[in-house]
Amino acid sequence: MVVVNMGKNMHKRHTRKKNWKELSPMARFGTIVAATVQLTLLIAAQTDINRRPAEEIRGSKALWRFATFVNFIGPATYFTVGVKHRSTAK
């Protein structure tokens, strides 16, 4: 028979999330900066998808529209992988 120690120290404590008023000024600032960057990337990617011809985008526009809503990863992936970059060599 195996005995497993499930004492007080073995359980994870559930901590309540802090609300906006409980955050420090630096935490508030960091949250605002991150949200601004995320929103800017999203708008830039959506605008680029609107304006760019489908032939210059790898995959479907609908798929990339959806993918850009995934935090920072979606827009960054769209700009690095989804856009066909023109060759600069002539």
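If you're wondering where the values come from, they're calculated on a predicted model, not measured in any experiment.
Transitive grouping of hydrophobic side chains (ILVMFWY, heavy atoms separated by less than 4.5 Å) keeps L42 and Y78 in distinct clusters.
Between T68 and Q46 the shortest heavy-atom distance is OG1-NE2, 2.5 Å. When every heavy atom of N71 is checked against every heavy atom of P75, the shortest pair comes out as O-CD, 3.1 Å. Minimum interatomic distance between T36 and I32 (heavy atoms only, all atoms of both residues): OG1-O, 2.7 Å.
Side chain of R65 to backbone of A45: no donor-acceptor contact under 3.5 angstrom is found. At least one donor-acceptor pair closer than 3.5 Å links the side chain of R58 to the backbone N or O of V81. At distances below 3.5 Å, at least one donor-acceptor pair connects side-chain atoms of E22 with backbone N or O atoms of N19. Although no hydrogens or angles enter the test, the distance criterion places no donor-acceptor pair under 3.5 Å between the side chain of E56 and the main chain of K84.
Taking CD1 from I49 and NZ from K61, the interatomic distance works out to 8.0 Å, rounded to the nearest 0.5 Å.
More than 12 heavy-atom neighbours from other residues, nucleotides or ligands sit within 6.0 angstrom of CZ on F72. For I73, the CD1 atom is loosely surrounded, since the number of other residues' heavy atoms within 6.0 Å does not exceed 12.
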